[in-house]
Structures are given as C-alpha cells and as structure tokens.
Amino acid sequence: MSYWLMKSEPYSYSIQDLKRDKRAFWDGVRNYQARNFMIQDMKIRDKVLFYHSNGKPSGIAGLARICKKAEVDKTAFDKKSKYYDQKASPENPRWKAVTVEFVQIFPHFISLSDLRKEKTLKDMLLLKKGQRLSIMPVKKKDYDYIVKMSKKQM
DNA sequence: GCCAACGTTGGC
DNA sequence: GCCAACGTTGGC
C-alpha cells in the first residue's frame with residue numbers, strides 16, 4: 001500500500017466535483033515524474049490526499065483512492081483540448097493517467113500554513129522549497145498524521 | 001498579477 | 001551533452 005498527494009486547482013476540478021462524480025480520470029498530467037508515479041508505482045486501493053492548489057487558501061481538502069490503473073490519456077491527441085500535445089499520438093501515446101475515486105471531504109480543511117506549523121511534517125515533499133510536482137509520494141506516518149489533523153479543529 | 005523555481009526544448 | 005530561452009507551476 002502506497003500513499004500519495006495529488007494536486008488539483010479547485011476552480012478546474014475540486015474534491016466537491018469528485019464527490020459528485022464518484023470517480024475521475026486524472027487526465028492532463030504533462031510532467032514525466034508525475035506520469036511515472038501513475039504508471040509505475042500507483043496500485044489500486046492506494047490512498048490519496050486530495051490537495052487544492054492555487055486555492056484560497058491552498059491545502060488538503062480530503063481523501064481519494066486509486067481505483068483503476070493508468071490508461072492512455074486521450075486528451076493529448078485532441079487538438080481542442082488544453083492538454084493537447086503534438087508529440088503524442090495513438091501509436092505513441094506518451095501520457096497515461098489513473099482513475100481515482102472519492103473517499104471523503106475532510107471535516108476541517110488543512111491549509112498549507114497549518115501543515116507548515118507541524119514539526120512532524122517538516123520533511124514532507126510538499127513543504128520543500130521550489131517543489132512543484134502535481135503528484136508526489138507521501139509517507140504513511142505523514143498521511144496518518146494529516147488524517148488525524150483533519151478530525152480536529154485547528 | 002508577480003515572480004521564483006523548475007522543466008522542457010532546441011540550437012550548437 | 002551543454003545551456004540559454006522559454007513556458008509552467010503555484011504561493012503569495
């Protein structure tokens with residue numbers, strides 16, 4: 001079992017949207033490191049912290065779970081898509097994405113500044129300077145700690 | 001909207 | 001294979 005953090009801009013796709021849809025294909029990732037995590041490392045039932053980036057404020061909004069292994073991301077072939085990549089084609093798809101399913105919205109949203117206040121979490125990749133990955137691994141102990149934080153008022 | 005930090009591209 | 005130029009991310 002592995003643990004992950006996946007970022008999404010709430011204006012484009014929020015955890016409330018995921019709750020409504022139940023499942024979402026995580027298309028649009030155009031970073032190799034993030035893609036490789038999805039293709040090589042994510043397993044069905046892996047747990048996911050759903051992060052709202054560029055939010056007011058940014059932070060962790062809830063939980064999701066991997067429910068389908070990586071499949072070809074066809075938005076890369078679609079000229080009208082904002083995720084269009086002219087170097088991708090059905091013969092050489094280049095991009096793949098997993099499907100995630102809704103688990104829960106946190107009773108208390110955990111902002112980035114809340115996370116920074118926790119000494120225990122100081123080594124999280126998310127909190128490292130200049131770190132911009134939209135999908136990143138999370139340690140079990142950090143995942144568990146964050147779930148615990150979500151249950152109490154900050 | 002700004003801008004630091006980082007990733008990608010392409011010329012050489 | 002280097003690296004400058006450019007594009008993107010994402011916090012603020």
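Just so it is clear: chains get the letters A, B, ... in the order the sequence lines come, proteins before strands, and each one is counted from 1. Given the structure is predicted, the values throughout are model-derived calculations rather than measurements.
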Checklist entry - Which part of the nucleic acid does A:Arg94 contact within heavy-atom distance under 4.0 Å: base, sugar-phosphate only, or nothing? => result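 If one applies the 4.0 Å heavy-atom cut-off, A:Arg94 turns out to touch the sugar-phosphate alone, with no base involved.
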
Next on the checklist: Grouping I, L, V, M, F, W and Y whenever their side-chain heavy atoms are under 4.5 Å apart, do A:Met38 and A:Tyr3 come out in a common cluster?
Outcome noted: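 In one cluster: yes.
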
Nucleotide nearest [X] when distance is taken to its side chain, options [options]:
X: A:Tyr51; options: B:dA5, B:dG10, C:dG11; answer: C:dG11
X: A:Lys87; options: B:dG7, B:dT9, C:dG11; answer: B:dT9
X: A:Arg132; options: B:dG10, C:dC12, C:dG7; answer: C:dG7

Nearest-angstrom distance from the residue atom [atom1] of [X] to [atom2] of [N]:
X: A:Lys82; N: C:dT8; atom1: NZ; atom2: C1'; result: 13 Å
X: A:Asn31; N: B:dT9; atom1: CG; atom2: C1'; result: 15 Å
X: A:Glu9; N: C:dT9; atom1: CD; atom2: C1'; result: 8 Å
X: A:Met124; N: C:dG11; atom1: CE; atom2: C1'; result: 16 Å
X: A:Ile60; N: C:dG10; atom1: CD1; atom2: P; result: 14 Å
X: A:Met136; N: C:dG10; atom1: CE; atom2: P; result: 8 Å
X: A:Leu125; N: B:dC6; atom1: CG; atom2: P; result: 12 Å
X: A:Gln131; N: B:dA4; atom1: CD; atom2: C1'; result: 14 Å

Item to check | A:His52 side chain vs A:Ile15 backbone, donor-acceptor pair below 3.5 Å | outcome: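 Yes, the answer is positive, given that a donor and an acceptor are paired below the 3.5 Å cut-off.
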
Next on the checklist: Just checking A:Gln40: does its CD atom have more than 12 heavy atoms from other residues, nucleotides or ligands closer to it than 6.0 angstrom?
Outcome noted: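 For A:Gln40, atom CD is crowded (more than 12 foreign heavy atoms under 6.0 Å).
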
Checklist entry - With a cut-off of 6.0 Å (strictly less than), are more than 12 heavy atoms of other residues, nucleotides or ligands near NZ of A:Lys19? => result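 At most 12 heavy atoms, drawn from other residues, nucleotides or ligands, come within 6.0 Å of this atom.
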
Next on the checklist: Check this one for me: any side-chain N or O of A:Ser58 less than 4.0 Å away from OP1 or OP2 of C:dG10?
Outcome noted: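 For A:Ser58, the contact criterion (side-chain N or O under 4.0 Å from OP1 or OP2 of C:dG10) is not met.
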
Next on the checklist: Below the 4.0 Å mark, does C:dT9 have OP1 or OP2 next to a side-chain nitrogen or oxygen of A:Lys7?
Outcome noted: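 No, A:Lys7 has no side-chain N/O under 4.0 Å of OP1/OP2 on C:dT9.
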
Checklist entry - For A:Glu9, what residues pass the salt bridge (Lys or Arg N to Asp or Glu O under 4.0 Å) criterion, not counting sequence neighbours? => result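 Listed in chain order: nothing, the list is empty.
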
Checklist entry - Do A:Leu125 and A:Pro137 have side-chain heavy atoms sitting under 4.5 Å apart? => result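 In short, these two side chains touch, coming nearer than 4.5 Å.
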
Item to check | Any pair counted as salt bridge (Lys or Arg N to Asp or Glu O under 4.0 Å), so long as it reaches residues 26-37 of chain A, sequence neighbours left out | outcome: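 Matches after skipping sequence neighbours: A:Arg30-A:Asp73.
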
Checklist entry - At what angle, to 10 degrees, do the two end axes of the helix from B:dG1-C:dC12 to B:dC12-C:dG1 meet, given five pairs define each axis? => result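 Roughly 10° between the end axes, to the nearest 10°.
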
Checklist entry - Where each residue is assigned the nucleotide of DNA chain B containing its nearest heavy atom, which of A:Lys129 and A:Arg30 is assigned the position nearer the 5′ end? => result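 First, find each residue's nearest nucleotide; the 5'-ward one identifies A:Lys129.
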
